[in-house]
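See below for the structure under consideration.
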Amino acid sequence: MAVAASGVLRVVNPATLEVVGSVPVAEPAHVQELVAEAGYVQERWGETTPVERADVLRRLGEVVLDRADEIADTVVAETAKPRAEAYTSELFPAVDAATWLVGSAPRLLASERLRFGKLHLRHKRAWLEYEPVGVVGVIAPWNFPFAIPFTQAAFAVAAGNAVVLKPSELTPLTGALVGELFEAAGAPAGLVRVAQGDGAVGEALVKAHGLGKLLFTGSGETGRRVAAEAGARLVPVTLELGGKDPMLVLDDADLDRAVAGALWASFTNCGQVCSGVERILVERTLYEPFVEELVRRLPTVEVGPLISEEQRARVGDLVVDAVSRGARVLAGGEAPDRAGWFYEPTILAAVPADARIAREETFGPVVEVAAVAGEAEAVRRANAGPLALGASVWTSDAARAERVARRLRAGTVWHNDHAYSYGAAQASWGGVGESGFGRTHSKHGLYDLTTPKYVDRDSGRVPVPWWFPYDEGSADAFRAALEVLYRDGLRPRAAAAWRERRALLKLARRYRP
Ligand code: NAD
């Protein structure tokens with residue numbers, strides 16, 4: 001946690017409430033300068049080849065590995081998440097992204113030759129060039145303060161862009177490290193700039209002139225504001241917003257694995273995961289043993305604190321509201337009596353539809369379990385609500401998993417696992433509905449950070465039949481050509497050619513005036 005005081009962010013460890021560092025805050029007016037400077041650096045960087053950029057990314061991966069402990073220390077100091085999670089959820093995705101980009105970005109970003117089959121275009125030599133968008137603004141949350149901004153910046157840089165990163169004001173030390181690592185890897189000075197501060201600095205970044213793209217990861221409320229502002233400036237934006245992921249446990253699921261998966265996916269990072277499981281929908285025949293085992297094994301869960309007093313109060317309020325409307329607390333449900341912003345891992349049952357927690361993202365260590373009559377009800381309930389980031393299906397029948405996956409409304413569907421694919425760079429990441437739009441990671445995330453430019457070569461010797469002047473037969477001739485070129489099948493094409501032979505002959509003569 002960090003507190004703004006006289007131009008600095010003081011960072012507080014949410015478990016011990018000790019101050020662990022501070023960073024100077026950027027003046028909102030200074031943000032425009034950072035964007036302009038990043039723009040200068042990008043001009044040169046954008047001229048490098050994807051292969052040259054891959055060299056920097058290769059070193060970046062090495063630098064992250066060399067400094068893995070320092071990164072983990074910083075993340076743990078700012079968030080107090082279990083140290084194991086600093087490696088699994090922060091470092092693994094980061095190194096995987098750098099490594100995947102080294103191997104894949106040069107191929108994906110290489111000029112792509114297009115070939116035209118149709119006669120009137122066959123002489124063209126054409127390509128798609130994937131050009132950088134320029135300066136990418138990255139506005140990041142605190143829950144994965146390293147993995148999210150690092151992977152987004154790495155993708156942007158691989159595509160030839162510069163980055164101005166606005167880390168969360170709650171995790172600025174990790175944000176500062178992201179910028180440092182790019183420089184340590186030999187990226188040009190200033191290619192990845194960091195603007196520290198709260199929402200006002202984020203707003204200044206959104207309003208800065210010269211942005212080619214914005215990647216926003218955070219709450220739906222802020223995301224809407226950012227999208228409106230970016231829209232007014234016609235700056236394209238990718239929104240990675242909240243989720244309320246369902247986990248569908250079907251009657252043929254491996255109970256042991258499903259319970260273990262549910263505990264991890266609901267409580268890792270203290271539930272502060274956009275694609276954390278918040279709703280477990282269990283087929284009725286498995287419900288009793290599943291819940292019994294879930295509660296029995298709850299003590300194996302290891303959670304840190306929530307990020308702030310405010311977050312803990314919000315989670316507590318959601319639980320109180322649910323209970324006041326009839327929900328049952330099967331375990332947890334209290335803030336323990338100790339220093340820090342801790343809240344007990346909590347399991348709720350019988351959550352009524354009118355409870356706030358049934359609709360709002362909890363973003364804390366609370367999960368709801370509910371029995372469903374069968375697959376159809378599981379899918380219906382999973383798809384209810386506006387948030388649709390991830391979902392998982394737990395069954396030992398792969399065909400069943402595929403069938404259910406097709407019917408689930410979500411950006412990602414996992415089978416017998418949950419959320420892991422943030423750490424697999426070739427997997428697309430992003431939501432549908434109010435969970436956002438656009439994609440990060442994967443070839444789509446990379447292409448989203450480029451502007452495809454169509455470029456061609458023409459010898460200038462082939463006459464162009466559709467240029468001026470038109471005459472009274474032109475329309476008939478083009479209509480005939482349309483049929484001959486595009487009718488499905490040789491027979492109808494040949495018939496069209498014969499039927500319209502006069503118009504076509506006339507058109508052909510335009511090639512030899
Ligand atoms: P938040 O919306 O409060 O803040 C996100 C970032 O936006 C911060 O850096 C903040 O300073 C900045 N900001 C605040 N006001 C701004 C403004 N007016 N203009 C520009 N920037 C502004 O979110 P948070 O609390 O940091 O993060 C938690 C949320 O993020 C949760 O809803 C979670 O689901 C979501 N999230 C989504 C993903 C995903 O991949 N879809 C990943 C992680 C977190």
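For ligands, and for the atoms within them, numbers begin at 1 and follow the listed sequence.
Within ligand 1, the atoms closer than 4.0 Å to a non-hydrogen atom of Val226 are 19 (N), 20 (C), numbered from 1 in the order shown. Of all atoms in ligand 1, listed by their number and element, those nearer than 4.0 Å to a heavy atom of Ile139 are 6 (C), 7 (O), 9 (O), 12 (C), 20 (C), 21 (N). For ligand 1, the atoms sitting less than 4.0 Å from at least one non-hydrogen atom of Pro167 are 9 (O), numbered in the order shown with element in parentheses. Distances below 4.0 Å separate heavy atoms of Ile148 from the following atoms of ligand 1: 42 (C), 43 (C). With ligand atoms numbered from 1 in the order given, ligand 1 contributes 43 (C), 44 (C) to contacts under 4.0 Å with heavy atoms of Asn143. Every atom of ligand 1 with a heavy atom of Gly242 under 4.0 Å away is listed here by number and element: 32 (O), 34 (O). Ligand-side atoms of ligand 1 in range of Ser168: 9 (O), range being under 4.0 angstrom from any heavy atom. Using a 4.0 Å cut-off to heavy atoms of Pro141, the atoms of ligand 1 that qualify are 26 (O), 27 (O), 43 (C), 44 (C).
Ion pairing between a basic and an acidic side chain is recognised when a charged N comes within 4.0 Å of a carboxylate O; Glu203 and Lys207 show such pairing. Using a cut-off of 4.0 Å between Lys/Arg side-chain N and Asp/Glu carboxylate O, Arg314 and Glu310 are scored as not salt-bridged. Salt bridge annotation for Lys81-Glu85: absent, with no cationic side-chain nitrogen under 4.0 angstrom from a carboxylate oxygen.
Counted by atom type alone, Thr174 and Glu90 present zero donor-acceptor pairs between their side chains at under 3.5 Å. Side-chain contact annotation: Trp142 with Thr79, donor-acceptor N/O pair under 3.5 Å absent.
Listed by chain and number, the residues in a ring-ring contact (aromatic ring centres under 6.0 Å, His included) with Phe267 amount to none (sequence neighbours excluded). Judged as a salt bridge (Lys or Arg N to Asp or Glu O under 4.0 Å), and not counting sequence neighbours, the contacts of Arg193 are Glu37.
A cation-pi contact, defined as under 6.0 Å to the ring centre and within 45° of the axis, is absent between Arg83 and Tyr87.
With a heavy-atom cut-off of 4.0 Å, Glu221 does not touch ligand 1 at all. Only the side chain of Leu389 comes within 4.0 Å of ligand 1, judged by heavy-atom distances. Contact annotation: for Asp198 versus ligand 1, heavy atoms closer than 4.0 Å belong to the backbone alone. When non-hydrogen atoms are compared, ligand 1 lies under 4.0 Å from neither the backbone nor the side chain of Ser435. Contact annotation for Gln272 and ligand 1: no heavy atom of the residue comes within less than 4.0 Å of the ligand. Looking at Arg225 against ligand 1, only its side chain comes within 4.0 Å, counting heavy atoms. Contact annotation for Leu205 and ligand 1: no heavy atom of the residue comes within less than 4.0 Å of the ligand. Contacts between Thr217 and ligand 1, counted as non-hydrogen atom pairs separated by less than 4.0 Å, involve both the backbone and the side chain.
Proximity of a side-chain donor or acceptor of Ser104 to a complementary backbone N or O of Leu101 within less than 3.5 Å is not detected. Side chain of Arg279 to backbone of Ala382: a donor-acceptor contact under 3.5 angstrom is found. Under the 3.5 Å distance criterion, the side-chain polar atoms of Thr362 are left unmatched by any main-chain donor or acceptor of Gly364. Checked by atom type and distance alone, the side chain of Gln196 pairs as donor or acceptor with a backbone atom of Pro172 at under 3.5 Å.
Under the 4.0 angstrom criterion, atom 4 (O) of ligand 1 counts as lacking any protein heavy-atom contact.
Nearest protein heavy-atom neighbour of atom 41 (N) of ligand 1: Leu241 O, 2.7 Å. Regarding atom 28 (C) of ligand 1, its nearest protein heavy-atom neighbour is Phe363 CE2, 3.6 Å. Atom 36 (N) of ligand 1 has its closest protein heavy atom at Cys274 CB, 3.6 Å. The shortest contact between atom 2 (O) of ligand 1 and any protein heavy atom is with Ser219 OG, 2.6 Å. Closest to atom 21 (N) of ligand 1, if we only count protein heavy atoms, is Gly202 CA, 3.5 Å. For atom 9 (O) of ligand 1, the closest non-hydrogen atom on the protein side is Ala140 O, 2.7 Å. Nearest protein neighbour of atom 19 (N) of ligand 1, counting heavy atoms only, is Glu203 N, 3.5 Å. Looking from atom 15 (N) of ligand 1 to the surrounding protein, the closest heavy atom is Thr222 CG2, 3.3 Å.
In this structure, Gly436 does not count as a contact residue of ligand 1, since none of its heavy atoms falls inside 4.0 Å of the ligand. In this structure, Phe144 falls outside the shell of residues with a heavy atom less than 4.0 angstrom from ligand 1. Look at Gly430 and you'll find every heavy atom at least 4.0 Å from all atoms of ligand 1.
Polar contact check, Tyr422 against ligand 1: no nitrogen or oxygen pair lies under 3.5 Å apart. Between Trp142 and ligand 1, an N or O atom pair is found at a separation short of 3.5 Å.
Using a 4.5 Å heavy-atom cutoff, the side chains of Phe150 and Leu60 are in contact. The closest side-chain heavy-atom distance from Val35 to His209 is not below 4.5 Å. At a threshold of 4.5 Å between non-hydrogen side-chain atoms, the residues Val282 and Val372 do not count as touching. Residues Thr238 and Arg439 fail the side-chain proximity criterion, which asks for heavy atoms closer than 4.5 Å.
Of the candidates Glu361, Glu368, Glu278, Glu278 is the only one forming a salt bridge (Lys or Arg N to Asp or Glu O under 4.0 Å) with Lys244.
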